[in-house]
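Some notes on the structure that comes next.
Whatever order the structure lists them in is the order used to number ligands and atoms, beginning at 1. Since this is a predicted model, take the numbers as computed values, not measurements.
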Amino acid sequence: MNRGQLLYEGKAKSVYLSDTPDELIVAFRDDITAFDGQKKDSLAGKGGYNARISAFFFTYLEEKGIPTHFMGMIDDHTMAVKRLNMIPLEVIVRNRAAGSIVRRYPFREGQTFDTPLIVMDYKDDSRHDPMINDDIIIALGLLSRDEIQHVRDLALAVNRHLKELFRARGLDLVDFKIEFGRFGDTILLGDEISMDSMRLWDVKTGASLDKDVYRYDKGDVLSAYAKVVDMMIPKEFGGVQ
Ligand SMILES: Nc1ncnc2c1ncn2[C@@H]1O[C@H](COP(=O)(O)OP(=O)(O)O)[C@@H](O)[C@H]1O
Ligand SMILES: [Mg+2]
């Protein structure tokens, strides 16, 4: 598959056209950012870790019946995906309280939610991704009420499957963010599922193995990402076409 014109350059990935109109090429760059892009660095190898783990999770979730945009790896930091009409929502699933929810509401850091919480933010950096609710989503014409329910169901299913997978490797999935998009009449899971978009705690030590290591200068973020890739991806998972 040939890489065409650059369509969009985001904070961590570059999206290119391909030779097929309904397929795109997503290159995971080594850039890492936090706090709405205020903190920025480039860490050699980071893009590859996130691309490989995303490919692995998309493949695993497809096996579990969750439709995703993932088509295959082109090289170890680039994937081919179906071109989606992205829904500008960050769908966040929280199993424990951490990060912004602790700053905004009187939850205790690390407290477990009996039922996972779904929080949706309107994806717009210039507005600092404000939290949104069902009525606003409908008024903005982003999703119908039934589609909101469908997206919630998909997000909870993703959570169940990922949580189980991590738990078996001694990792606790605290929270994660996913994005969806439309492909014709269907809503597919898009974007990425990586250490940039989740919180993962080591069950035994409580250590963070995700972007919090970078956000809060908790140590070497590249070794944290490498460790997750090593723990999660079986040797026989190739990914590259
Ligand atoms: N399958 C897809 N089709 C079209 N756009 C996508 C697809 N998957 C992800 N995207 C979009 O491509 C961009 C990926 O780059 P990223 O660096 O994550 O950007 P951002 O800074 O906007 O989060 C995101 O805006 C994401 O919504
Ligand atoms: Mg992004």
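A distance of 6.0 Å or more separates the ring centres of H77 and Y49. In this structure, F176 has its ring center at least 6.0 angstrom away from the ring center of F57.
The closest protein non-hydrogen atom to atom 27 (O) of ligand 1 is E179 OE1, 2.7 Å. Atom 23 (O) of ligand 1 has as its closest protein heavy atom K123 NZ, 2.7 Å. The protein non-hydrogen atom at the shortest distance from atom 25 (O) of ligand 1 is Y8 CE2, 3.4 Å. Considering only non-hydrogen protein atoms, atom 7 (C) of ligand 1 sits nearest to M86 SD, 3.6 Å. The protein atom (non-hydrogen) at minimum distance from atom 8 (N) of ligand 1 is D191 N, 3.2 Å. Looking only at protein heavy atoms, the nearest one to atom 19 (O) of ligand 1 is G10 CA, 3.3 Å.
Of all atoms in ligand 1, listed by their number and element, those nearer than 4.0 Å to a heavy atom of L24 are 3 (N), 4 (C). In summary, the atoms of ligand 1 found under 4.0 Å from a heavy atom of V81, numbered by their order in the structure, are 1 (N).
There is no side-chain donor-acceptor pair under 3.5 Å between R94 and T112.
Residue-to-ligand polar distances keep E192 apart from ligand 1: every N/O pair is separated by 3.5 Å or more.
Contacts between N85 and ligand 1 below 4.0 angstrom, taking non-hydrogen atoms only, are absent altogether. Residue K13 touches ligand 1 through backbone and side chain together, judged by heavy-atom distances below 4.0 Å. Under 4.0 angstrom from ligand 1, the non-hydrogen atoms of L84 come from both its backbone and its side chain. Contacts with ligand 1 closer than 4.0 Å are made by side-chain heavy atoms of V15 only, the backbone lying farther away. Counting heavy atoms closer than 4.0 Å to ligand 1, residue K82 contributes backbone atoms (N, CA, C, O) but none from C-beta onward.
The CG atom of D19 sits 5.0 Å away from atom CG of N2, with the distance rounded to the nearest 0.5 Å. The distance from the OH atom of Y16 to the CG atom of L24 is 12.0 Å, given to the nearest 0.5 Å.
Exactly one residue among D129, L142, D124 makes a side-chain contact (heavy atoms from CB on, under 4.5 Å) with P88. That residue is L142.
Taking all atoms of both residues into account, the shortest heavy-atom contact from L188 to T68 is CD1-O, 3.8 Å. The minimum heavy-atom distance between M71 and V81, with the atom names listed, is SD-C, 3.6 Å.
By the 30° and 60° cut-offs, the orientation of the rings of Y60 relative to F56 is parallel.
Here D31 pairs with R29, S42 under the side chain to side chain contact (heavy atoms under 4.5 Å, CB included) rule; sequence neighbours left out.
Within the 4.0 Å heavy-atom shell around ligand 1 one finds A12.
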